[in-house]
Amino acid sequence: MKMVACGGCAASWRRCVVMSLRLLFLLPAGLPVRSQGESQSDNKQMDNITIRQGETLFLSCSQGAFVTHTAWLNRSSILYAGEDKWSVDPRVSLVTLNQDEFTIKIEDVDLTDEGQYICAVQTSSRPRTTSVHIIVQVPPKIVNLSKDLVVNEGSNVTLMCLANGKPEPAIVWRMLSPSDDSLGSDNEVLEIPFISRYRAGVYECTAANDIAVDTQTVELTVNYPPSVSDGRDVGVTLGQRGVLECEADAVPEADFEWYRDDRRIFNGFDGIEIEDAGALSKLTFFNVSEADYGNYTCVAINKLGSANTSIVLYVQDGNSGTSTVFTPTCLLLIVLLQLLLKF
């Protein structure tokens with residue numbers, strides 16, 4: 001086998017390809033080598049072909065009469081020489097080879113397949129080439145996204161979204177749930193300074209190009225101390241069921257404590273039931289007695305702070321519908337008066 005040095009490739013890549021094809025096809029050494037400028041008819045440039053990643057590419061060139069040798073090349077690497085496959089890539093295969101057409105296909109096209117392809121044909125008179133440039137488009141894919149975050153109210157928050165694709169995808173941030181069009185960004189970074197509880201929610205990053213759209217979401221949780229709704233005083237007739245309610249807004253959810261004066265009340269104490277369900281706590285009296293009337297305090301607590309409210313349980317006259325609030329001193333006088341009436 002003859003070994004030929006291709007030292008002129010740097011000066012003329014096309015000339016080097018033709019020299020390599022001469023060796024492949026055993027062409028006569030005296031055959032003239034034509035540059036693109038010497039004969040436009042012998043060396044043709046086809047329009048660029050744009051294809052999406054993952055699709056199948058068909059490359060075809062016309063043969064014509066008196067063709068002796070043919071080859072498809074990719075950046076000077078031979079893919080097929082006639083019916084002989086030179087490429088080791090299993091995605092490349094021969095479709096048609098006859099007097100009129102020479103077609104190969106590349107399945108599952110990837111970005112590495114982008115570049116120039118040449119169909120080289122040797123006729124009985126002279127060689128000719130047809131070249132085409134393949135452009136591979138890649139749908140966007142988000143490759144780096146901020147993880148779900150838990151922050152305290154007042155913190156500075158930065159959300160990041162990075163994506164690949166060709167053409168380069170445009171990145172858009174928006175607050176998805178609850179929807180807020182005023183909060184967003186048209187680049188990879190979304191900055192939220194001094195975040196408040198009202199900025200908590202789901203944020204969506206969208207990466208889009210001419211091919212497709214990729215979206216992913218980040219959930220942002222904002223912790224804040226409890227705030228307690230004003231307590232509603234409750235009037236209950238003696239012997240009836242009474243319920244005091246305390247509602248607190250907090251993240252994380254608040255724990256509740258109930259007090260009568262300075263004494264903490266526990267579940268089951270003196271027949272009283274305490275039931276906590278999320279943001280609501282209930283203090284239930286199943287059989288209200290005179291000793292139950294008075295002022296109660298609900299305290300809501302989480303790791304960031306606490307808040308409280310006072311609720312009065314007062315006597316409601318079952319007949320007239322009027323009500324009376326009994327202070328501890330008033331309750332004592334009522335008891336003494338009842339004792340005196342017995343004598």
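Predicted model only: the values in this text are computed from it and were never measured.
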So N43 and R128, do their side chains get closer than 4.5 Å, heavy atoms only? no
State whether E275 and K282 are salt-bridged, where the test is any N-O pair (Lys NZ or Arg NE/NH1/NH2 against Asp/Glu carboxylate O) under 4.0 Å. no
Test side chain to side chain donor-acceptor pair (under 3.5 Å) on S87 and D89 and set out the steps. CA-CA 5 Å; S87 171; D89 192 334; 5.2 Å; no
Test ring-ring contact (aromatic ring centres under 6.0 Å, His included) on F285 and Y296; report intermediate values, then the result. CA-CA 12 Å; F285 303 85; Y296 292 82; 5.4 Å; yes
Above 12 or not: heavy atoms from other molecules or residues under 6.0 Å from CZ of R232? no
Going by the rule side-chain contact (heavy atoms from CB on, under 4.5 Å), which residues pair with A212 if we only count those two or more places apart in sequence or in a different chain? P139, P140
Considering non-hydrogen atoms only, spot the tightest contact between D292 and R260 and give its length. O-NH1, 3.5 Å
Under the side chain to side chain contact (heavy atoms under 4.5 Å, CB included) rule, what do L57 and K105 come out as? Steps first, then yes or no, please. CA-CA 5 Å; L57 171 66; K105 71 175 180 179; over 6 Å; no
Using side chain to side chain donor-acceptor pair (under 3.5 Å), reason through T284 and E273 one step at a time and then give a plain yes or no. CA-CA 5 Å; T284 301; E273 180 183 83; 4.7 Å; no
Give the intermediate values and the outcome of side chain to side chain contact (heavy atoms under 4.5 Å, CB included) for residues C205 and I171. CA-CA 7 Å; C205 171; I171 305 294; 3.8 Å; yes
Hydrophobic cluster identity match, L176 and I192, side-chain contacts under 4.5 Å: no
N267 side chain to I274 backbone, donor-acceptor under 3.5 Å: yes
Is there a side-chain contact between T221 and V251 (heavy atoms, below 4.5 Å)? yes
Return yes if some donor-acceptor pair links the side-chain N/O of N209 with the main-chain N/O of I211 below 3.5 Å, else return no. yes
For S306 versus I301, what's the shortest heavy-atom pair and its separation? CB-CG1, 3.9 Å
What distance do I142 atom CD1 and T215 atom OG1 have between them, rounded to the nearest 0.5 Å? 6.5 Å
Assess whether atom CD of E83 is packed by more than 12 heavy atoms of other residues, nucleotides or ligands within 6.0 Å. no
Note: D180-R199 ion pair, threshold 4.0 Å (strictly below): yes
Side-chain donor or acceptor of E114 paired with backbone N/O of V136 under 3.5 Å: yes
Any side-chain to backbone donor/acceptor pair from D233 onto V312? Under 3.5 Å, distance only. yes
Using the rule that Ile, Leu, Val, Met, Phe, Trp and Tyr join whenever any side-chain heavy atoms are under 4.5 Å apart, tell me whether V151 and Y203 fall into a single cluster. yes
Considering all heavy atoms of both residues, which atom of A163 and which atom of A207 are nearest to each other, and what is their separation? CB-CB, 3.7 Å
Taken to the nearest 0.5 Å, the spacing of L280 CG from C246 SG works out to 8.0 Å
Taking Y293 for the side chain and V236 for the main chain, is one N or O donor matched with an acceptor at less than 3.5 Å? yes
Does any part of the side chain of Y314, heavy atoms only, come nearer than 4.5 Å to the side chain of V234, both counted from C-beta? no
Neighbour count above 12 (heavy atom, 6.0 Å) for Y198 OH: no
For a side chain to side chain donor-acceptor pair (under 3.5 Å) check, start with the C-alpha distance between S77 and N74, then their side-chain angles and the critical distance, and finish with the verdict. CA-CA 5 Å; S77 297; N74 174 16; over 6 Å; no
Please determine whether residues V228 and L313 belong to a single hydrophobic cluster, defined as Ile, Leu, Val, Met, Phe, Trp and Tyr linked transitively by side-chain heavy-atom distances below 4.5 Å. no
Closest non-hydrogen atoms of A250 and N302, given as atom of the first, atom of the second and distance, are CB-ND2, 3.7 Å
Against F102, only a single residue in T96, L94, V67 fulfils side-chain contact (heavy atoms from CB on, under 4.5 Å); can you say which? L94
So D249 and P226, do their side chains get closer than 4.5 Å, heavy atoms only? no
Nearest 0.5 Å, what's the CD-OG1 distance between Q122 and T129? 11.5 Å
Would you call P252 and N223 a side-chain contact if the rule is heavy atoms closer than 4.5 Å? yes
Return yes if a side-chain donor-acceptor contact under 3.5 Å exists between N308 and T297, otherwise no. no
Between E204 and Q216, is any pair of side-chain heavy atoms under 4.5 Å apart? no
Say whether S155 and N152, considering side chains only, have a donor N or O and an acceptor N or O under 3.5 Å apart. no
Is there a side-chain contact between L162 and M160, using heavy atoms and a 4.5 Å cut-off? yes
Under 4.5 Å between any side-chain heavy atoms of K166 and L111, yes or no? yes
Taking NZ, NE, NH1 and NH2 as the nitrogens, is one of them in R263 or D261 under 4.0 Å from a carboxylate oxygen of the other? no
Is it true that W72 and V92 fall in one hydrophobic cluster, defined by side-chain heavy atoms closer than 4.5 Å? yes
Out of curiosity, D230 CG to I311 CD1, how far, rounded to the nearest 0.5 Å? 10.0 Å
What pair of heavy atoms forms the shortest contact from N156 to P193, and how long is it? OD1-CA, 3.4 Å
Using side chain to side chain donor-acceptor pair (under 3.5 Å), reason through Q45 and S131 one step at a time and then give a plain yes or no. CA-CA 5 Å; Q45 176 69 47; S131 59; 2.6 Å; yes
Walk me through whether T130 and I118 qualify under side chain to side chain contact (heavy atoms under 4.5 Å, CB included). CA-CA 6 Å; T130 302; I118 295 177; over 6 Å; no
Please indicate whether D47 has more than 12 foreign heavy atoms, meaning atoms of other residues, nucleotides or ligands, lying under 6.0 Å from its CG. no
Measure across A248 and A254 and return the closest heavy-atom pair with its distance rounded to 0.1 Å. CB-CB, 4.4 Å
Does a sphere of radius 6.0 Å around CG in N98 hold more than 12 heavy atoms from other residues, nucleotides or ligands, not counting ones at 6.0 Å or beyond? yes
Within a reach of under 6.0 Å around CD of E55, are more than 12 heavy atoms found that belong to other residues, nucleotides or ligands? yes
Between atom CD1 of I265 and atom CH2 of W258, what is the distance when rounded to the nearest 0.5 Å? 8.0 Å
Tell me which one of D113, T56, D108, D110 satisfies side chain to side chain donor-acceptor pair (under 3.5 Å) with R91. D113
Is Y224 linked to L220 within one hydrophobic cluster, defined over Ile, Leu, Val, Met, Phe, Trp and Tyr using a side-chain heavy-atom separation of less than 4.5 Å? no
I51 vs I135, test: side chain to side chain contact (heavy atoms under 4.5 Å, CB included). Steps then yes/no. CA-CA 6 Å; I51 188 170; I135 300 172; over 6 Å; no
Rounded to the nearest 0.5 Å, what separation is found between the OG1 atom of T70 and the CD atom of E101? 11.5 Å
side-chain hydrogen bond (donor to acceptor under 3.5 Å, both in side chains) contacts in which one or both residues fall within residues 133-148, not counting sequence neighbours: none
